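This is a predicted model, so every value here is computed, not measured. All chains are named by letter (A, B, ...) in the order of the sequence lines, taking the proteins before the strands, and each is independently numbered beginning at 1.
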Number of protein chains: 2
Amino acid sequence: MAALIWQQHASGVWRGTIGEPSVLSPVSWMNREPKYEALHQLGDMPLPFSMEELRLDYVGAMPILSFPLTEQEAIYGMGLQFARMNQRGRTRFLRVNSDPKQDTGETHAPVPFFVSDRGYGVLIDTSRVPTVYCGSTVHIDDNGPEAARDRNTDKAWRATPLSSRMEVRLPEEGATVYLFSGPTVVDVVKRYNLFCGGGTLPPRWGLGFWHRVPKLYSDKMTLAEAREFRERAIPCDVIGLEPGWHSRSYPVTYEWSEERFPDPSEFVSSMEQLGFRINLWEHPYISPDASIFEAMKPLSGSHTVWGGLAPDYTLKAAQELYMNQHIEQHASIGVSGYKLDECDGSELTNHSWMFPAHATFPSGADGEQMRQMYGLLFQKMTSDLYRKHNRRTYGLVRASNAAASTLPYVLYSDLYDHKQFIRALSNASFSGILWTPEVRKADNSEEWVRRMQSVCFSPMAMLNAWGDGTKPWSFPEVEPIIRHYIELRMRLLPYFYTAFARYRFEGLPPFRAMPLAFETADQYRKAASKTGFDHGEVLNTTDAAYGKQRIKEWDDQFLIGDDLLVAPMFSGEQGRDVLLPPGGWYGFETGIRYEGDQVVHVQAPLELIPIFVREGAVIPMMPVRQHAPNGTERTPLEWLHFGNVPGRGMLFDDDGESFDYERGKHIWQYAEVTVDEQGDLLFEMKEQAGAADAVSSYSSVTWRLGLKSIN
Amino acid sequence: MAALIWQQHASGVWRGTIGEPSVLSPVSWMNREPKYEALHQLGDMPLPFSMEELRLDYVGAMPILSFPLTEQEAIYGMGLQFARMNQRGRTRFLRVNSDPKQDTGETHAPVPFFVSDRGYGVLIDTSRVPTVYCGSTVHIDDNGPEAARDRNTDKAWRATPLSSRMEVRLPEEGATVYLFSGPTVVDVVKRYNLFCGGGTLPPRWGLGFWHRVPKLYSDKMTLAEAREFRERAIPCDVIGLEPGWHSRSYPVTYEWSEERFPDPSEFVSSMEQLGFRINLWEHPYISPDASIFEAMKPLSGSHTVWGGLAPDYTLKAAQELYMNQHIEQHASIGVSGYKLDECDGSELTNHSWMFPAHATFPSGADGEQMRQMYGLLFQKMTSDLYRKHNRRTYGLVRASNAAASTLPYVLYSDLYDHKQFIRALSNASFSGILWTPEVRKADNSEEWVRRMQSVCFSPMAMLNAWGDGTKPWSFPEVEPIIRHYIELRMRLLPYFYTAFARYRFEGLPPFRAMPLAFETADQYRKAASKTGFDHGEVLNTTDAAYGKQRIKEWDDQFLIGDDLLVAPMFSGEQGRDVLLPPGGWYGFETGIRYEGDQVVHVQAPLELIPIFVREGAVIPMMPVRQHAPNGTERTPLEWLHFGNVPGRGMLFDDDGESFDYERGKHIWQYAEVTVDEQGDLLFEMKEQAGAADAVSSYSSVTWRLGLKSIN
C-alpha cells in the first residue's frame, strides 16, 4: 500500500501524493499557474494540526484519508450545495448530478474541496467520485465522541452523534490531495482560489442584466423583444438564445437554423447596434445532422445521448473541431459566449439520458471520469476560444468541478426553490464557483418581485424565459419595482466589477457566505448563535422518524464585496432576521442605522429588499444606463460615503472587455474619506496603481459624503 | 479478463459464473435447497433468446453484461420499487437505502433480480451494489433504436430514447448470475421463488390484525390497550412493542426495561391469555449497557452506530451470542417474533447514522457488503431461531435482498405516500418479498379509512402507532367501517392462508401485480393500453424540463390469490378506473357483474374499497373471530361460490404454527362447483392431498353457491 507523501507547494499550500495519481484530474487539466506572489503575501501560515494527526488507512485497495475534528468545528464548501451550509455530520458523495433533489452531496458542481473553520482546507484532485464523511462516522476506537445515549429517556439524543474524525474515501488507489492553511476561513478560500490561478474577471457587460428568450424565437422575434426592452427603459446587456437557434436540437448541430435565423451575422450586428450581446445555448451531444458529426464520430464515446455523439474533449483533435466550428460560426460574427447545458448528466436523475459510467472514450477515460470532468472541459475550451482573440466571455454552465476559479462561468439549475437558490449562492463562495438564482416564472407578483430582487444581487442578473416566455414586465403592477432594482444593479456596476477584480487578483470571492464575513470563526459562531440555533429534535413519523435538527444557518444572506450585505426576502414573508457582522450598518435604501455583531429584525414591504451598507463604506457607483459602457463609452462615476466615520473605497478600471488588464493596462483607484478636527468629512483620491495608458470607462468623478442611504 | 461460463442448474434455471465470485452473497448465504421437483413441473422451457445474444464486455476490470431488448419489452422487479412498475428506460442503482425518496433504484430491498415480459428473469447474486441500465443507455453501434429527433419541432422527442440493449454493471470482477425462463412473467417469478427455496408460509396468526403500541408503553398500558381491543370487538392477533421495551434504545440492549416491564414472562402470558402474540422491535446496534456488549465487541465492525456496536453476523460466534440471548429472554417466554429496524442504513439519507461503506468487519467483509446483507442476516438468524423450536414466526424488516422468498418477514418504510405504498405492494410480487402499507396516522377520517381498508388487503394488516398513538377507533365516526374491514380480513383468513401455501409450494406470489394477472404479456399490454397510456411530454420548467412521461401503469391494484382483485381508493378520490383481466368479475361487496379484459370505472363511497371476485371462484372463508384459531381451536369453514359458472377452490390446512407441514402433516382440499343439465349448481369436495393425521383448524364445512356478493 502506497504511503502519503507531503511536499510544500506554495505559501500555505501543501501537496500530498499517494501512489500514481490518474493523469486526468481537474487541477492538471486546468493547468493554471498559481498566483504565487499573492499566495506569498498571505504569509506562510501553518496548519492548525500536525501532519501526524492525518491518517491514511486502507480498506482493500481503497485509501481512506482522515482528519481530526474538534467539537465545535464546522465544515463548509464541497461545491454547489443546496441543502445546508455547514456539512458537519453529513456524508457527501461528490458525484456530478443534474437533478440534486436530495441532500447527498451530489450536485451540478460537487467540488471536492472543503474548508474547516479551524482554518484549513482540503482539495481532492480527482476525475472520479470521492466520498467525504464530515464527522458522519464514528470509529469504534474514537475517544472523542459523546457516549451512547438512551433515546427512550434522553432528550439530548441525536441521529448523528459527534465524531472526532473526518474521513475521506479516495476514489482511486493513486491520489493527489492539497492542503491549504488559513488562519481564517476567508484566508483558506483565498488561498484555494489563488492556487487555482485567481478568480475570474467577467467583461463589464457580463454584470449587466440578462434575458433569455423562448426556445423557438426567431431573429425577428428576438429583435422585437430587444427593442421593447429599450422602449420600456429596462436595462439589458445580454440576450440569450435557447435551443431553437440550432438547426436541430437534442442533439444539437451548433449550426444556425436557416428558418429562424437566415442571416446570423446581420442579426448579431443588429442586436449589437441596440447595445445587446448574444449568448448561445448549447449542449455537448452532436446531432447526425451536424457538419462536424462524421469527423467527430471516431473521437467520441461508446454511448450516444439522445442519438447524438458524446465527444471526448480530452483529445486535441476533438477540441479543435469544436473550437474551429464555434469560432467560425459564432465568435467571428460577434457572439459573446455560451450557456453550456446538460454537461451534468448522471445515472440517477428523473430522466435517464446520460451516457453510463462504464462508457468508454478514445483517450482511455471512462464515463465516470468524463461525467465528472465534462463541465470543466467545455468551460475551458470555450473560454480559451475567446482568450485567443483577446476577448473576455461570460456565460452559464450546468456542471463544474475543482480548479474552476478562473473560469468565466456561472452555474444554474433546473431546480427552482428560492431559498435553496440563495443558499447555493452563499455556498458557492467557499469553492471558487459562481451561481445565479435565475428567475424563470412566478406564481404571483409577490414571488416575481422577490425573485427578481435577489437575482439583481447575484453574479448573473438573469431572467430565463426559455420555457415560460416571461419578461421583466410580465407582472405590470410591479414593473416599477423590477425596473428600480435592475437600475440599482446598473448603478452598482463599478462596485460589482471591482469586487470581481479583487477575486481575480486576491482570490477574495465577490459574493461571500456569512462565515466569510467575520474575522474569526469564534466571532461568527458567537454572533450567529445569539438566535435561532436549536439542537432539539422533533419527532415526526412521516417526515422525520429520527427527529429533525432545527438549526438556523445564516445561509439566506450574503456579502457583496466588503461593504454590502444582502438579505433576500422570500414570497409570503413580511420581514426577517438578519445577522450583521461587527460595526455599524445602514439600510442602503432606508437609511436606518443598526449596530452590528447581532441579529436584527427588519420589515420589508414588496418595494424593498433589505440591503445594508457598512458604516464608513465608500461605494463607487454610476448613473443608470441601459447597458454597460463598452470599450469606447465613458460614463460619470460617483463615490458614495456612508455615515460619519472615516472610510476607504476601491475601484478597478480597465477597458472591461479584453485581457489587456493582465498585461498591466488597468488602474486601481482608492478613495479615502477622513474626518477633520471640526468633524467635517473630507474626500480624497489616494495613490493609483496601474498603467497610465489604461483605458478608463469613466468621464467625471463626483462624491457624496455622510450619507445614510442612497435615496 | 474472465469469460462467462453457463451451466444449467435446474429446469429453466441457468447459472453463469465469471472468474471467482465473492464468497459472501445472498444465494450462498441463504443456502436454501431449490424446490427442484416443483421447478421440474414448470417444464424445461428455453430462454427467449440464444446465449450468444448475451454479451460480456469489460471496462477496465468492470464486467458489463448485456441483454437484447425488444421495442415493446417491459422490465419489472428489482425489489421494493416505490416510483414505478415498468423500469424500462431507467437506470437502477441497487443499493440498500433507508430513505428511498428518489427514483434511483435505491430502496430498502434492492433485489438485483429483474423480470422481462419477453419471459425471462436475471438474478445478480452479489453482496455489493450492481447497476442495471434498463435500456437507459444507447450504444453508438446500436442499430435498433429510433433515430435522433429534433426537439425543436418533433413532438415525439423523448428524454430517454429507445435502446436495444439492457446493460448490467457488475460490482465485482467475479460474479454469479442466474437466468430463469418463463414462458410467462408469472412462470419466471415462480421459478425464481422456487429456486430460492419456495415462498414463506406465515403462521396463521400472522395473517390476523396487528397493532403496535407507542414507544414508551409499559406492560400495564399495553395490557389495558389489548383489553380495549377485546371490549370494542376489534379483531387483533399481534401487539408489537416499540423501543421502550428495551432497557436502553438507540443503541439497544435486547433486555427488558425493568421499569416498564418488570415481569416480562408474566406479561407475555397475560397477553397470550387474551389471545395476543407479542412482537418486539429491535435494531442491530448494541448498547454498551447490553450484557452481550463485551463479548460482541471483538466480533463487531470498525465503526459504531449511535455509539453501539455493529456486529459481524457472518460469524458463527456472533450469531450464537445473539441467538442465545434472544432465545433465553424472548422466545422462551413466548415472544412470537421481531420487527427488525434500521438494518437498511446507507450513506446518503436525511440523517447520517450508518457505518460507512469502508467499515471493516472481523470476517473480512467491508461496510458495503455488510449493509447490503444486513437485512438478510437478521432475517435468517431470527427465523432459524424459531425454526429450531419448530415454531413459525412472522415479523417485519426494513431491509432485504435477493433469495429472500423463504423468509417470514414483511418490509415496511418510514415513507408514507399511500399510492407509493400500493405500488410497492405490487412491485414486491416480482422479487420474492412482501410489503405492508402500514397505517400510522391520517389527516382526517377519509384518509384513515382509505389507508386502513388497503392495509387489510396486504401481507400484514398493521396499525403502527409507535410515534402517533393512534388506535383503530381513533376516528370514532368511521369506527364501524374500520371494524368491518378488519373483520372481512379475518373472514378471508382461510383464503389468504391458502394463497401463502401456494407461494410456499408453487412459488406463486400471494399478492400479484397486474402483469402477473394475465396469461401473456401481449394480453396484458393490450388490455392495459385501452386507456391511460400516453407517451406525450409536457414541458414544465420547474418540475420537468425534459418533459414528463404520463404513462398510466396499473400499479395501484393487485390480485390476492387467483380470484380476488383489490383496487384501493386514495383520499380525495370518489371513484377510479380498474383494469380487469379476462373473464367475468363481481363486485365482492356490491354484487355488480363486470366483463373483464377491459378498464371499468367504479364509484366507491368511503364505506367501500373496490374488491372484485372472479366469476366461478370458490372462496374459503370463516366466521369473524377476534384472533386466528390457534393449534387446538377449530372454527367453521364456509365455501362461497360466485356467479353461475363452474369453478374450483382450494384450501390449505395444517396446525398453522409449526413446521410439521413440511414433514407432510398438512391437507390440500379442493372444492368443485359444477353445473348440471338443469343448470343447477352442485358442490363437491374433491380428492384431498396430504396426511390423514394433519391437524385441522376447521370444525364444520358449509357452502353457498351462485352468489353475486358476500353480503
Side-chain angles (χ1 to χ4, degrees), chain A residues 59-60 62 64 89-91 93 101-104 131 133 136-140 147-152 157 159-161 167 169 216 243-244 246 248-251 287-288 300 302-304 306-308 347-348 350-353 355-356 358 360 366 414 416 440-441 467-468 539 541-542 545-546, chain B residues 59-60 62 64 89-91 93 101-104 131 133 136-140 147-152 157 159-161 167 169 216 243-244 246 248-251 287-288 300 302-304 306-308 347-348 350-353 355-356 358 360 366 414 416 440-441 467-468 539 541-542 545-546:
Chain A
V59 174
M62 266 191 293
I64 311 290
R90 305 294 307 167
T91 300
F93 180 62
K101 290 215 177 76
Q102 272 196 313
D103 184 18
T104 62
T131 309
Y133 302 81
S136 52
T137 53
V138 181
H139 197 272
I140 198 165
R149 293 177 187 276
D150 179 18
R151 193 184 180 186
N152 288 338
W157 182 89
T160 308
E167 299 190 294
R169 186 169 63 208
L216 290 178
H246 291 262
R248 298 276 185 286
S249 85
Y250 288 86
S287 164
S300 295
S302 58
H303 288 70
T304 57
W306 297 307
E347 241 139 50
L348 307 172
N350 277 329
H351 281 95
S352 297
W353 48 265
F355 54 76
H358 63 265
T360 56
D366 63 31
D414 281 345
Y416 202 53
R440 294 198 292 267
K441 62 180 177 184
D468 304 296
L539 171 71
T541 63
T542 303
Y546 300 100
Chain B
V59 175
M62 265 191 295
I64 312 289
R90 305 293 307 166
T91 300
F93 180 61
K101 289 213 176 78
Q102 273 196 313
D103 184 18
T104 61
T131 309
Y133 301 81
S136 52
T137 54
V138 181
H139 199 273
I140 198 165
R149 293 177 187 274
D150 179 18
R151 193 184 179 186
N152 288 338
W157 182 90
T160 309
E167 299 190 296
R169 186 168 65 209
L216 290 178
H246 292 263
R248 298 275 185 286
S249 84
Y250 288 88
S287 166
S300 294
S302 58
H303 288 70
T304 57
W306 298 307
E347 242 138 50
L348 307 172
N350 277 328
H351 281 95
S352 296
W353 49 263
F355 53 77
H358 62 264
T360 55
D366 63 31
D414 281 345
Y416 202 51
R440 294 196 292 266
K441 62 180 176 185
D468 303 295
L539 171 71
T541 65
T542 304
Y546 300 100

Q | Among the listed options D366(B), I140(B), V59(B), I64(B), the residue most often paired with chain A at heavy-atom distances under 4.5 Å | A |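 Looking at each of D366(B), I140(B), V59(B), I64(B) in turn, I140(B) comes out on top.
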Would you check if the side chain of [X] reaches a backbone N or O of [Y] as a donor-acceptor pair within less than 3.5 Å?
X       : Y       : answer
T137(A) : P356(B) : no
N152(B) : H246(A) : yes
W306(A) : A159(B) : yes
D150(B) : S249(A) : yes

Q: Under the side-chain hydrogen bond (donor to acceptor under 3.5 Å, both in side chains) rule, collect the residues that match up with S300(A), sequence neighbours excluded.
A: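 Testing S300(A) for side-chain hydrogen bond (donor to acceptor under 3.5 Å, both in side chains), a comparison that skips the adjacent residues, returns none.
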Q: Under 4.5 Å heavy-atom distance to chain A, tell me which part of P288(B) shows up: side chain, backbone, both or neither.
A: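 P288(B) touches chain A through side-chain heavy atoms alone.
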Just how far is it from atom [atom1] of [X] to atom [atom2] of [Y], taken to the nearest 0.5 Å?
X       : Y       : atom1 : atom2 : value
D103(A) : K101(B) : CG    : NZ    : 10.5 Å
L216(B) : R151(A) : CG    : CZ    : 10.5 Å
H303(A) : S136(B) : NE2   : OG    : 9.0 Å

(Q) If I measure from the heavy atoms of chain B, does S302(A) come under 4.5 Å with its side chain, its backbone, both, or neither? (A)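 Contact with chain B involves both backbone and side-chain atoms of S302(A).
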(Q) Could you go through Y133(B) and H358(A), starting from their C-alpha distance and side-chain angles, then the distance that decides it, and tell me whether this counts as side chain to side chain contact (heavy atoms under 4.5 Å, CB included)? (A) CA-CA 11 Å; Y133(B) 301 81; H358(A) 63 265; 3.3 Å; yes
Q: Can you sort out the partners of D414(A) under salt bridge (charged side-chain N to carboxylate O under 4.0 Å, His left out), two or more places apart, ordered by chain and number?
A: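 D414(A): salt bridge (charged side-chain N to carboxylate O under 4.0 Å, His left out) contacts with R398(A).
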